[in-house]
Amino acid sequence: MSAQSSAIVLAQGLSKTYRIAEKQPGLKGTFRHLLRRRYRDLEAVKGIHFAIEEGEMVGFLGPNGAGKTTTLKMLSGLIHPSGGELLVAGARPQRRQAGFLQDITLVMGNKQQLIWDLPPWDSIRVNAAVYGIPEGVMQRRVRELADLLELGEELHRPVRKLSLGQRMKAELLTSLLHEPRVLFLDEPTLGLDVTAQGRVRDFLATYNRRTGATILLTSHYMGDITALCERVLLIHEGSLFHDGPLGELTSRLAPHRQVRLELQHAQPREVFESFGTVESHQEHQVQLLVPREQLTETVAALLGRFDVLDLEVSDPPIEDLMRSLFQQAGVSET
Amino acid sequence: MRRSRTLRTVLQFWRSSLEAESEYQLNLVLECLAVSGNLAGSLFVLSLLFSGQSSLGGWDWNEALIVLGLYTLLDGFTSCLLQPNLSKIVNHVQQGTLDFVLLKPVDSQLWLSLRCFSPWGIPALLAGVVLVVLGLQRSGTVVHGDGLVLGAVLLVSGAAILYSLWFSLAALSIWFVKVWNATEVLRYTLVAGRYPVSAYPPALRLVFVFVLPVAFMTTVPSQALLGQGSWPWAAGSVLMACGSLLASRWFWRFALRHYTSASS
């Protein structure tokens, strides 16, 4: 571990195996399950390695059941790893020491800690007491965070009367009151509309810039990842598939680039087949997939042969790449 | 420093839970009605048990009132603290919100045991005190200082044993998730404590002393208030309370090692 001791999050050979009771359907299966249970081991995380430096914002990607949430729960000390080494903010998370818990926070898009019948202010006061934050400091931090999150009188309204977006913003405020150094965010924009998603993204970017907090973010919305994270970890069936810049992941997943042409004169589809894979063809518009290493000469040849009004080169959308990767592996993404 | 933070936390817990409960004012009326109904029912059954005889297992009517009073007091304590907190542990495990408790730099057992304070147990607490005072007055008992201390020690020990049993049963939800039935059975077994243990058949008496220590919660403290207690009993009761508290603590830590957290 010493080689990467400056990392604020360090996982080496991290693994987690769950023992799961299996039950056949139907009444017969239920009786068998009652009398003689059958268990099997499910390897949710299979010996993954990664290190995150202080202040980094890292996206954590993978389809449902890939092991993202299990990893986040091990990083935050909620569940014990089955194997490997883990250090977060200099502590072993599973020991759940007070100093470590003071340094981290975990925000889950599908669960909330706010008291349902009371305004967020009451939950904020409970957290201030739990984290030992003096009244004056609490007031100042709430003011700053509420400004960033554009929260005002919502903090005085019962949680049950708030919209999903307002609740998530209040949840973020409450979770960040103790100024944690490491933020684990599990689907923080889940179910939010486009505007609310944008606000949460803007807030996270600003918070990271202002405080230098380290953020590990999982999301099914690629927009969250592309807007916030330069680096991504891609986990698939419990193994780490990629650790590096988002652009590198795109190159790795897509050995082709997309070339879109707008032509002066319509051309038949066949003439483009020697340049690459024709994705779509309409009279004046053509979309091709061209191998990355042949891109320069192909573009030059296209410009030389046809009257081109417009030409655009891009990577295929990351959503499409992820979907095809997960489908190739027989895993459906939601 | 740490102690004052814990105290501030518990006070804030209770403040917020009182505020949340006050959203439902009708509960106070319903709880007063429930306590009155329960008390009337218990007194009626007690009067049936006494019909045609002046003693029940060696206890006269006024002494039996003291046992009923201590039971009502304990029931009030259960409604104020045990029921609203310990019954939520199963929900926390099932819904995955135990995660939020475990993420806080505060003792998780303390949080789960003291997070809520329900004012709806207060009518039962008051009714219990009234019944005990009435029973003592009518039986002409003068409670001396040592009898009062002995009774209080025994009552607190009984409450601690009850808490430990309940908490440990609720902790089983880490493995079995749905353990409502077990905790409900425990609560309803305690109803046996509203009458002197000697009023039950010998086999049940053994159960209420050695298996579910109902006898230690109401009958033994009542004897102490009536001047029939003994310090060795009190010492034994305190030892048992400390042992069960430590056991519940150890069991909770052991259970957490097996916590897998609900899936998202």
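Atom set for the values below is all heavy atoms of this structure, side chains included, hydrogens, waters and symmetry mates excluded. Throughout, protein chains are lettered first and strands after them, A, B, ... in sequence-line order, and every chain is numbered starting at 1. Quick caveat: nothing in here was measured; it's all calculated off a predicted structure.
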> Where on Gln112(A) is there a heavy atom nearer than 4.5 Å to chain B: the side chain, the backbone, both, or neither?
Replying inline: backbone
> Measuring heavy-atom distances to chain B, does Arg96(A) have an atom under 4.5 Å in its side chain, in its backbone, in both, or in neither?
Replying inline: side chain
> Minimum heavy-atom separation for Val126(A) to Ser16(B), with atom names?
Replying inline: CG2-OG, 3.7 Å
> With a 4.5 Å heavy-atom cut-off, do Tyr131(A) and Val106(B) have their side chains touching?
Replying inline: no
>> Between Ile104(A) and chain B, with a heavy-atom cut-off of 4.5 Å, which part of the residue counts as in contact: side chain, backbone, both or neither?
In response: side chain
> Would a 4.5 Å heavy-atom cut-off, applied to side chains only, mark Asp117(A) and Glu19(B) as touching?
Replying inline: no
> What distance separates Phe100(B) CZ from Ser123(A) OG, expressed to the nearest 0.5 Å?
Replying inline: 10.5 Å
>> If I measure from the heavy atoms of chain A, does Leu256(B) come under 4.5 Å with its side chain, its backbone, both, or neither?
In response: both
>> Do Thr105(A) and Leu103(B) have side chains that approach each other closer than 4.5 Å (heavy atoms only, starting at C-beta)?
In response: no
> Thr9(B) side chain to Ala129(A) main-chain N or O, any donor-acceptor pair under 3.5 Å?
Replying inline: yes
> Going through the distances and angles, do Lys104(B) and Gln113(A) end up as a side chain to side chain donor-acceptor pair (under 3.5 Å)?
Replying inline: CA-CA 11 Å; Lys104(B) 299 289 189 292; Gln113(A) 61 174 317; 2.9 Å; yes
> His80(A) versus Arg257(B): any side-chain heavy-atom pair under 4.5 Å?
Replying inline: yes
> Under a 4.5 Å heavy-atom cut-off, does chain B meet the side chain of Leu72(A), its backbone, both or neither?
Replying inline: neither
>> Out of Leu106(A), Asn127(A), Ile79(A), Leu78(A), return the one with the most heavy atom pairs under 4.5 angstrom to chain B.
In response: Leu78(A)
>> Could you report the tightest heavy-atom contact between Val130(A) and Trp111(B), atom names first, then the distance?
In response: CG2-CZ3, 3.7 Å
>> For chain B, which candidate among Gly77(A), Ala128(A), Gly99(A) shows the most heavy-atom pairs at distances under 4.5 Å?
In response: Ala128(A)
>> Testing the basics here: between Pro105(B) and Gln102(A), what is the closest heavy-atom pair and its distance to 0.1 Å?
In response: CG-OE1, 3.6 Å
> Of the backbone (N, CA, C, O) and the side chain (C-beta and beyond), which part of Arg115(B) lies under 4.5 Å from a heavy atom of chain A, both, or neither?
Replying inline: side chain
> Should the heavy atoms of other residues, nucleotides or ligands under 6.0 Å from CZ of Arg253(B) be counted, would the total exceed 12?
Replying inline: no
